[in-house]
Amino acid sequence: QTQLVESGGGLVQTGDSLRLSCAVSGRAVTSSTMGWFRQVPGKERVFVAAIPWNSGTKYYGDSFQGRFTISRDNAENTVYLQMTTLKPEDTARYYCAASRRNLISGEYTEAVSFEFWGRGTQVTVAS
């Protein structure tokens, strides 16, 4: 059974940085695209970032390019999201996701492209 477990969330101040981690068990992620999404109550899940199996071209949502960095360690079956210059509007629950296969351009931003999800980790940015 594939499990994704996020960690690293918490309460921070505006301008702070956080690094989220996602540990995957039960499945090797070497052939998977990994992604991060976020969601606030009452709203749809929003694409944050995605990284292909070979850490090639990374994809970011418009609001996150330049502030967030996604990376992965296939040997450790872990994906990371480094977040810098955090703003109150970054407050959300952040979810890690894995696909069954390598995704192609256009698929990365769609939550339905990812079959496996973690339970999320809460990030709260105080003003």
Side-chain angles (χ1 to χ4, degrees):
Q1 183 177 356
T2 301
Q3 288 190 319
L4 284 67
V5 179
E6 302 94 336
S7 61
L11 173 63
V12 297
Q13 301 298 312
T14 297
D16 284 353
S17 299
L18 270 180
R19 188 177 82 155
L20 306 183
S21 299
C22 173
V24 184
S25 61
R27 174 184 178 84
V29 298
T30 52
S31 62
S32 299
T33 294
M34 301 295 297
W36 286 96
F37 288 74
R38 74 183 192 186
Q39 189 171 25
V40 297
K43 295 191 176 181
E44 292 187 355
R45 201 161 288 191
V46 173
F47 170 71
V48 176
I51 184 169
W53 71 275
N54 61 355
S55 297
T57 302
K58 301 165 189 176
Y59 294 83
Y60 295 93
D62 291 341
S63 302
F64 314 112
Q65 183 77 43
R67 293 194 303 128
F68 292 7
T69 303
I70 189 171
S71 61
R72 65 190 293 165
D73 184 337
N74 287 346
E76 296 294 327
N77 254 24
T78 302
V79 64
Y80 304 97
L81 183 69
Q82 178 68 48
M83 305 186 294
T84 64
T85 319
L86 285 163
K87 308 172 185 178
E89 51 264 43
D90 293 318
T91 295
R93 192 163 188 84
Y94 286 73
Y95 295 88
C96 175
S99 66
R100 289 185 183 276
R101 57 178 176 82
N102 284 310
L103 302 180
I104 61 174
S105 178
E107 294 181 320
Y108 292 111
T109 62
E110 300 298 324
V112 295
S113 299
F114 296 86
E115 290 85 4
F116 305 103
W117 292 83
R119 294 185 175 183
T121 184
Q122 179 68 32
V123 172
T124 302
V125 185
S127 57

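Along the sequence shown, residues are numbered consecutively beginning with 1.
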Flag side-chain contact, heavy atom, 4.5 Å: [X] against [Y]:
| X | Y | answer |
| --- | --- | --- |
| Leu20 | Thr121 | yes |
| Ser21 | Ser7 | yes |
| Thr14 | Leu86 | no |
| Arg101 | Ser32 | no |
| Met34 | Trp53 | no |
| Gln39 | Tyr95 | yes |
| Thr124 | Val12 | no |
| Asp90 | Arg38 | yes |

> How far apart are the closest heavy atoms of Pro52 and Gly56, and which atoms are they?
Replying inline: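 Between these two residues, the closest heavy atoms are CG-N, 3.5 Å.
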
> Which atom names give the shortest non-hydrogen contact between Ala92 and Gln122, and what distance separates them?
Replying inline: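 Heavy atoms only, the tightest pair is O-NE2, 3.4 Å.
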
>> Apply side-chain contact (heavy atoms from CB on, under 4.5 Å) to residues Phe68 and Leu81 and explain how you reach the verdict.
In response: CA-CA 7 Å; Phe68 292 7; Leu81 183 69; 4.2 Å; yes

>> Less than 6.0 angstrom from the centroid, inside 45 degrees of the normal: does Arg19 satisfy that with respect to the ring of Tyr80?
In response: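 Flagged: Arg19 positioned over aromatic ring of Tyr80.
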
Out of curiosity, does [Y] fall in the hydrophobic cluster containing [X] (side-chain heavy atoms, cut-off under 4.5 Å, transitive links)?
| X | Y | result |
| --- | --- | --- |
| Leu18 | Leu4 | yes |
| Tyr94 | Ile51 | yes |
| Tyr108 | Val48 | no |

>> Distance check, rounded to the nearest 0.5 Å: Lys58 atom NZ versus Arg72 atom CZ?
In response: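 Reported to 0.5 Å precision, the distance equals 10.5 Å.
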
>> Distance check, rounded to the nearest 0.5 Å: Gln13 atom CD versus Ser127 atom OG?
In response: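 If I round to the nearest 0.5 Å, the distance is 8.0 Å.
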
Between [X] and [Y] (side chain of the first, backbone of the second, donor and acceptor by atom type, cut-off under 3.5 Å), is there such a pair?
| X | Y | result |
| --- | --- | --- |
| Gln82 | Thr69 | no |
| Ser99 | Thr33 | yes |
| Glu107 | Ile104 | yes |
| Asn77 | Val24 | yes |

>> The test is side-chain contact (heavy atoms from CB on, under 4.5 Å); show your working for Phe116 and Cys96 and say whether it passes.
In response: CA-CA 8 Å; Phe116 305 103; Cys96 175; over 6 Å; no

> How are the rings of Phe114 and Trp117 set to each other: parallel, tilted or perpendicular (split at 30° and 60°)?
Replying inline: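 Aromatic pair Phe114/Trp117 classed perpendicular.
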
> Ring centroid separation for Tyr59 and Phe47, is it under 6.0 angstrom?
Replying inline: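 Here the rings of Phe47 and Tyr59 have centres that are no less than 6.0 Å from each other.
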
> With a 4.0 Å cut-off, would you call Glu6 and Arg93 a salt bridge?
Replying inline: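 No, Glu6 and Arg93 are not salt-bridged.
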
>> Working note: Ile70 + Val79, criterion side-chain contact (heavy atoms from CB on, under 4.5 Å); need CA distance, chi angles, decisive distance, verdict.
In response: CA-CA 7 Å; Ile70 189 171; Val79 64; 4.0 Å; yes

>> For a side-chain contact (heavy atoms from CB on, under 4.5 Å) check, start with the C-alpha distance between Thr91 and Val123, then their side-chain angles and the critical distance, and finish with the verdict.
In response: CA-CA 5 Å; Thr91 295; Val123 172; 5.9 Å; no

